[in-house]
Amino acid sequence: MSRTPEATVLRPPATLAVIGGGQLGRMFVQAAQRLGYRAIVLSETEDGPAAQVAHDAIVSPPDHLPGLLALADAAEGITVEFENVSAPALRWLARRRLVRPGWRTVWVSQNRLREKSFLARHGLPLARWCPVLSAGDLADAPGRVGLPLILKTAASGYDGKGQVRVDRADDLATAWASLRRVACVAEGWVSFAAEVSVVAVRGADATALAFPVALNRHERHILDATLMPAPVGPIVAQEARGLALAVAEALGTVGVLTVEFFLTAEGELTINELAPRPHNSGHLTIEAGVSSQFEAQVRALCGLPLGGTDLVTPAAMVNLLGDLWSGGEPDWGRALAADPGVKLHLYGKGDAAPGRKMGHLTVLDPNPSHALARALEARARLVRRP
Ligand code: AMP
């Protein structure tokens, strides 16, 4: 097998693959199939959300050589649905097939130390932070970033996992011990007024586009609701989109890249974290966008023109977490009958554990706050009354 040149265009019905079998992989597969591609998945489970809808599934951990060999044999273009894919695995694949985003984007965004160092080197705005690799670093942290601070593991943290807030210097040692004293970053506490995100897409020819800014509300550190476009005013919106494009450019990303920000009451943006892929806050682009974030991922991977990133109409999305199943199967009929405009997405997951993302609801409405109110109301109707 020879290396695929960067200028290659993969046309339908080429076979595309996604590494990772969750809901983001599922929505990538669905977008690829709609454009006429065959889509396969490298998944740890035979019956995960993406494997259920793909033309084929290779069941393997994401960095096992036999699985990667099978993937390179079967697919002409390969992308990822999560950031914890090993860089050597992606480099190995990229010698054989088109792999987008490339290993460097994934490698930088899978580790908070590398991510923050990279962004700082490129002059991109961050909250105060410092590395914590030793007891000495830990003791210095309050002086460098202030208190309260958040201690975050450098690797494999998501949805608030692997992080602890520390209010007093006396609590630092216990907090680090609770994270097993692994490599961390200490981050100064940001009194943000809002959390926003921007999904950007960049093509192999360096053309880049940003979706409108999303306003995100979290519950228990997990995304709960998103509204787009965020009511942040044109200057902040332009700055956030500009920063997302600047990050994609600095990383040389080909593919979709999401940037999450904190926004202060004074209108100041700092970058919280990066994801080298579509994002939960962009799910509403499936119905509200000229093209969706998943179609953007397909187009960038295949070397097609990127498509539009404008919204056809404002929209809101609310997540459906496993907690909703605590009283039995949610009452789909009642929620959907009350508002015919509610769009239901379920990811085909069997085990509705608390905090697990099972699906989402999207509502389109010319007024984004109305869209959010309708989505929240629909979700409330899902809960079965005893
Ligand atoms: P993360 O996994 O880094 O996105 O953090 C999860 C959530 O914790 C964020 O969405 C924020 O709500 C909160 N958080 C993280 N870092 C900070 C910070 N430096 N200051 C205040 N809140 C934070």
Side-chain angles (χ1 to χ4, degrees), residues 22 24 82-84 106 108-120 124-132 137-138 141-169 171-172 175-176 178-179 182-199 213-228 230 232 240 243-244 247 257-283 317-319 321 354-357:
L24 295 173
F82 66 108
E83 41 275 42
N84 291 318
V106 175
V108 168
S109 50
Q110 69 190 194
N111 179 292
R112 292 187 197 271
L113 279 166
R114 287 198 289 267
E115 188 174 282
K116 289 193 189 295
S117 309
F118 179 88
L119 293 169
L124 292 154
L126 291 169
R128 286 200 290 168
W129 71 282
C130 67
V132 174
D137 291 343
L138 188 69
R144 296 184 64 182
V145 307
L147 285 170
L149 59 78
I150 305 200
L151 208 52
K152 300 182 178 181
T153 58
S156 36
Y158 68 97
D159 285 349
K161 295 192 174 68
Q163 51 180 274
V164 192
R165 176 181 156 140
V166 180
D167 291 292
R168 303 176 319 135
D171 298 336
L172 277 169
W176 198 31
S178 76
L179 301 173
V182 295
C184 283
V185 297
E187 229 179 86
W189 184 258
V190 181
S191 311
F192 54 79
E195 293 188 75
V196 298
S197 54
V198 175
V199 177
V213 182
L215 176 68
N216 301 321
R217 192 179 82 185
H218 293 81
E219 295 282 348
R220 291 176 294 153
H221 295 293
I222 304 171
L223 185 68
D224 180 56
T226 292
L227 184 154
M228 190 188 287
V232 291
L243 284 168
V247 175
L257 177 89
T258 306
V259 182
E260 294 179 32
F261 299 92
F262 298 131
L263 175 64
T264 65
E266 296 78 40
E268 196 186 340
L269 287 161
T270 51
I271 296 176
N272 173 25
E273 62 178 355
L274 311 179
R277 52 170 171 79
H279 191 259
N280 197 166
S281 61
H283 290 356
M317 180 232 51
V318 295
N319 271 333
L321 299 186
R356 190 167 193 218
K357 292 175 180 170

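Just follow the structure's listing: the first ligand is 1, and inside any ligand the first atom is 1.
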Donor-acceptor pair between Gln163 and His221 side chains, under 3.5 angstrom:
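Short answer, no.
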Quick check on Ser191 - does any of its heavy atoms sit under 4.0 Å from an atom of ligand 1?
no
Would you please determine whether Gln163 falls within less than 4.0 Å of ligand 1 on a heavy-atom basis?
yes
Evaluate the side-chain proximity of Met228 to Val199: yes if any heavy-atom separation is below 4.5 Å, no if none is.
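Sidechains of Met228 and Val199: no contact.
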Answer yes or no: is there a side-chain heavy-atom contact under 4.5 Å between Val164 and Asp171?
no
Go through ligand 1 atom by atom and flag the ones less than 4.0 Å from a non-hydrogen atom of [X].
{"X": "Glu187", "answer": "16 (N), 17 (C), 18 (C), 19 (N)"}
{"X": "Asn272", "answer": "1 (P), 3 (O), 4 (O)"}
{"X": "Trp189", "answer": "20 (N), 21 (C), 22 (N)"}

Candidate with minimal heavy-atom separation from atom 11 (C) of ligand 1, of Lys152, His218, Glu195:
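Among Lys152, His218, Glu195, the closest heavy atom to atom 11 (C) of ligand 1 belongs to Glu195.
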Hey, is Arg112 touching ligand 1 through its side chain, its backbone, both or neither, going by heavy atoms under 4.0 Å?
side chain
Quick one: look at Ile150 and ligand 1, take heavy-atom pairs under 4.0 Å, and tell me if it's side chain, backbone, both or neither.
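Just the side chain.
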Least distance between heavy atoms, Pro131 atom then Leu113 atom
CB-CD2, 3.4 Å
Check ion pair Glu187-Arg112 (N to O, under 4.0 angstrom)
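Salt bridge absent between Glu187 and Arg112.
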Quick one: does Glu195's side chain have a donor or acceptor within less than 3.5 Å of a partner on Asn216's backbone?
no
Report yes if Phe192 has an N/O atom closer than 3.5 Å to an N/O atom of ligand 1; otherwise report no.
no
